[in-house]
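Single-structure report; data block below.
Below, chain A is the first sequence line, B the second, and so on; all start at residue 1. Only this structure's heavy atoms are used, side chains among them; waters, hydrogens and symmetry mates stay out. Since this is a predicted model, take the numbers as computed values, not measurements.
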Amino acid sequence: MIEKILQPANLSMACREVVRNKGAGGVDGMKVSELEAYLHEHRSTLTEQVRTRNYHAQPIRGKEIPKGSGKMRLLGIPTAIDRMLQQAVLRVIMPRYEQAFSTYSYGFRPLRNTQQAVSKSLHYINSGYQHIVEIDLKQFFDMVDHVLLLQLLYRKIKCKTTMCLIRRWLRAPLEKDGKLIKRRIGVPQGSPISPLLSNIMLHELDTEMERLGLRFVRYADDFSIYCKTKSEAKRAGNQVYIYLRDKLKLPINRDKSGIRRPIHFQILGYGFVAIYQKGVKGKYQLVVNRKRWKSLKAKLKEVTRKTTPMSFDERIKKLHEIQRGWLNAFKYANIKGKLTELDGWLRNRLRYCIWHHWKKLERKRKNLIRLGVPPRDAYAWSRSRMGGWAIAQSPILGTTITKARLIKRGYIPLATMFKTISKNTEMNQLFPMV
DNA sequence: CCGAAGCTCCC
RNA sequence: AAAGGGAGCUUCGG
Ligand SMILES: Nc1ncnc2c1ncn2[C@H]1C[C@H](O)[C@@H](COP(=O)(O)OP(=O)(O)OP(=O)(O)O)O1
Ligand SMILES: [Mg+2]
């Protein structure tokens with residue numbers, strides 16, 4: 001197996017992956033842009049070192065980054081060379097595991113996405129499984145037990161050299177502000193193979209849940225179990241909790257875990273609301289959760305700030321990029337109404353930018369006249385002492401810089417873009433060609 | 001089919 | 001600065 005890993009073609013592809021990620025360097029300071037040259041020069045000595053098990057993984061560089069809620073996430077950044085070798089290993093061992101993994105596991109896996117996970121969840125809920133055990137593991141990557149993991153790995157990987165390589169990556173110390181820290185547990189958040197390793201660990205959990213006959217969806221360390229009754233849910237949650245604690249040595253995150261009804265359940269950025277319709281009872285549909293709406297709004301706000309120096313066309317272009325990306329991520333949610341609401345707000349933001357862009361009183365007056373305001377009123381409004389945001393919401397801009405005019409100018413509202421995206425994906429599902 | 005850039009999302 | 005795995009979309013080039 002190690003020969004397959006070290007094959008020139010495999011190494012080159014591994015190298016390319018690392019280079020195109022454009023990540024920062026590790027403890028040796030080698031930039032990813034220098035990696036290709038390094039490989040050309042030292043490929044034979046490197047591969048020989050690996051083959052003879054004389055290759056020693058370098059320490060990983062520790063770097064704290066903020067994660068949403070004021071907490072920090074400790075990244076473990078391996079050197080460019082280690083990242084390349086890990087990519088090479090990954091490309092070889094990933095397929096061997098893929099076939100074994102559960103169909104209900106969706107995170108970190110090729111050809112699988114959040115949409116599939118969420119659809120499965122919605123399907124369970126709408127089939128009457130509405131007591132949901134939600135579990136998130138505490139500090140998941142940091143808590144993975146090396147010994148246990150290596151045992152699990154050995155079941156499939158009999159190649160000593162490959163195992164040796166992986167063991168050394170797990171054992172590699174973490175360098176943080178000049179000090180080397182020994183690690184006995186944890187897969188580094190930042191190593192190319194870590195996500196796969198984490199799935200190998202939790203594959204055991206998947207197997208156990210399947211054995212218990214549970215309906216579940218797992219996305220990395222975030223998983224949910226769907227039950228018909230509350231007592232069933234309690235029992236399932238307890239069994240799984242015990243299994244994680246005793247067999248896998250993984251603690252759960254008590255705040256993010258519990259038993260929920262669909263309306264209070266959130267998964268992968270989505271939420272659920274009851275379908276309000278005659279003759280339909282106990283069915284739910286997908287919406288986007290509050291947090292994601294907030295972050296979208298914040299992003300749109302950022303590019304429609306008068307102080308952000310950008311031309312109107314640049315703003316539109318930027319807005320479209322953000323809109324397209326976000327809408328494609330949530331195209332399966334029922335969010336038309338909310339989008340229309342946001343569109344109203346966004347139009348006012350744009351009016352605000354335009355008004356501010358006119359700057360001079362005279363220009364304001366002339367532009368208002370050009371847009372059909374009687375000269376007297378135009379004069380009065382142009383001298384108004386109201387703040388920009390108040391003006392933007394006032395009827396004067398609403399009737400002059402109209403929705404139609406904004407659209408003519410090239411702006412595509414969220415709701416419109418959403419419709420187009422939905423239509424296209426619908427078409428693509430019917431005719432998967434083109 | 002391959003490559004570059006950009007944007008979004010999940011963990 | 002800040003790493004990684006995965007998914008989606010857009011534009012451009014071969
Ligand atoms: N940028 C990232 N965002 C979220 N998770 C990441 C990221 N990179 C790697 N991961 C991996 C490592 C995490 O252990 C795992 C689960 O993420 P998450 O539940 O958000 O944090 P956590 O389990 O490390 O801490 P917590 O105790 O807050 O749940 O996903
Ligand atoms: Mg967690």
Starting at atom OH of A:Tyr332, determine the distance to atom P of C:G8, rounded to an integer number of angstrom.
9 Å
Using a 4.0 Å heavy-atom cut-off, does A:Leu268 contact any base of the nucleic acid, only the sugar-phosphate backbone, or nothing at all?
sugar-phosphate
Distances for protein N/O vs nucleotides 1-5 of chain B N/O pairs under 3.5 angstrom?
unit_1 : atom_1 : unit_2  : atom_2 : d
B:dG3  : OP1    : A:Arg16 : NH1    : 2.5
B:dA5  : OP1    : A:Lys22 : NZ     : 2.2
B:dA5  : OP2    : A:Lys22 : NZ     : 3.2

Write down the distance between CG (A:Leu286) and P (B:dC10), rounded to a whole number of angstrom.
14 Å
Give the C-alpha distance, both sets of side-chain angles, the deciding distance and a yes or no for side chain to side chain contact (heavy atoms under 4.5 Å, CB included) between A:Ile185 and A:Asp142.
CA-CA 7 Å; A:Ile185 56 169; A:Asp142 302 334; over 6 Å; no
Among the nucleotides B:dC11, C:A2, B:dC7, which one has an atom lying closest to any side-chain atom of A:Asp221?
B:dC11
Which residues satisfy the side-chain contact (heavy atoms from CB on, under 4.5 Å) test with A:Ala392, sequence neighbours excluded?
A:Arg351, A:Tyr352, A:Trp389
So does A:Arg292 get a side-chain nitrogen or oxygen closer than 4.0 Å to the phosphate oxygens (OP1/OP2) of B:dC10?
yes
Rounded to the nearest angstrom, tell me the gap between atom CG in A:Leu327 and atom P in B:dC9.
11 Å
Is the distance from OP1 or OP2 of C:G4 to the nearest side-chain N or O of A:Arg83 less than 4.0 Å?
yes
Taking for each residue the nucleotide of RNA chain C bearing the nearest heavy atom, is the 5' side occupied by A:Ala329 or by A:Pro192?
A:Pro192
Students often mix this up, so state it plainly: with edges at 30° and 60°, are the rings of A:Phe330 and A:Tyr270 parallel, tilted or perpendicular?
perpendicular
Candidate nucleotides C:A3, C:G4, C:A7, ranked by approach to the side chain of A:Ala24 - the nearest
C:A3
From C:A7, C:A3, B:dC11, pick the nucleotide closest to the side chain of A:Leu111?
C:A7
Where the side chain of A:Glu321 is concerned, which of B:dG6, C:A3, B:dC10 is the nearest nucleotide?
B:dG6
Under 4.0 Å, counting only non-hydrogen atoms across every strand here, what does A:Ser194 touch: a base, just sugar-phosphate, or nothing?
nothing
Would you tell me whether A:Thr52 and A:Asn54 have side-chain atoms, one donor and one acceptor, within less than 3.5 Å of each other?
yes
If you count heavy atoms of other groups shown closer than 6.0 angstrom to CD of A:Glu204, is the number above 12?
yes
Aromatic ring pairing A:Phe272/A:Phe265, orientation class (parallel under 30°, perpendicular over 60°, tilted between):
parallel
To the nearest angstrom, the CG-C1' distance between A:Leu137 and B:dC10 comes to 16 Å
Taken to the nearest whole Å, CG/A:Leu414 to C1'/B:dT8 is 13 Å
Using the C1' atom in both, what is the distance from C:A1 to B:dT8, to the nearest Å?
22 Å
Which atom names give the shortest non-hydrogen contact between A:Leu414 and A:Asp343, and what distance separates them?
N-OD1, 2.8 Å
Counting primed atoms, P, OP1 and OP2 as sugar-phosphate and everything else as base, the B/S/- map of nucleotides 9-14 of chain C against protein heavy atoms under 4.0 Å is SS----
From B:dC11, B:dC7, C:A2, nucleotide with atom closest to A:Ile322 side chain:
B:dC7
What nucleotide, of C:A2, B:dC7, B:dC10, holds the atom closest to the side chain of A:Pro66?
C:A2
Is it the case that the side chain of A:Thr402 and the backbone of A:Gly398 share a donor-acceptor pair, with hydrogens and angles ignored and the cut-off at 3.5 Å?
no
note: A:Glu314, atom CD; B:dG6, atom P; distance rounded to Å ~ 16 Å
A:Gly107 near the nucleic acid: base, sugar-phosphate alone, or nothing, with a heavy-atom cut-off under 4.0 Å?
nothing
Given B:dC9, C:G4, C:A2, which nucleotide is nearest the side-chain atoms of A:Phe330?
B:dC9
Decide whether a cation-pi geometry holds between A:Lys297 and A:Trp345; the criteria are a distance under 6.0 Å from NZ or CZ to the six-membered ring centre and an angle within 45° of the ring axis.
yes
Is A:Ser295 close enough to B:dT8 that one of its side-chain N or O atoms is under 4.0 Å from OP1 or OP2 there?
no
Using a heavy-atom cut-off of 4.0 Å across all strands, would you classify A:Leu75 as base, sugar-phosphate, or nothing?
base
Checking A:Arg91 side chain against A:Ala14 main chain: does a donor-acceptor pair fall under 3.5 Å?
no
With hydrogens left out and only the distance checked, is there a donor-acceptor pair under 3.5 Å joining A:Tyr219's side chain and the base of B:dC11?
no
Compare side-chain N and O positions of A:Arg61 against OP1 and OP2 of C:A2 and report whether any pair is under 4.0 Å apart.
yes
Send over the distance from A:Tyr106 OH to B:dC11 P, rounded to a whole Å.
16 Å
Is the cationic atom of A:Arg112 (NZ for Lys, CZ for Arg) positioned less than 6.0 Å from the six-membered ring centroid of A:Tyr106 and within 45 degrees of its normal?
yes
On the nucleotide B:dC9, are OP1 or OP2 found under 4.0 Å from the side-chain N or O atoms that A:Lys299 carries?
yes
Could you tell me the separation between the CH2 atom of A:Trp326 and the C1' atom of B:dC10, rounded to a whole number of Å?
14 Å
Would you mind telling me which residue lines up with the more 5' stretch of DNA chain B, A:Lys318 or A:Ile267, judged by nearest nucleotide?
A:Lys318
Does the gap between the ring centers of A:Tyr226 and A:His131 come in under 6.0 Å?
no
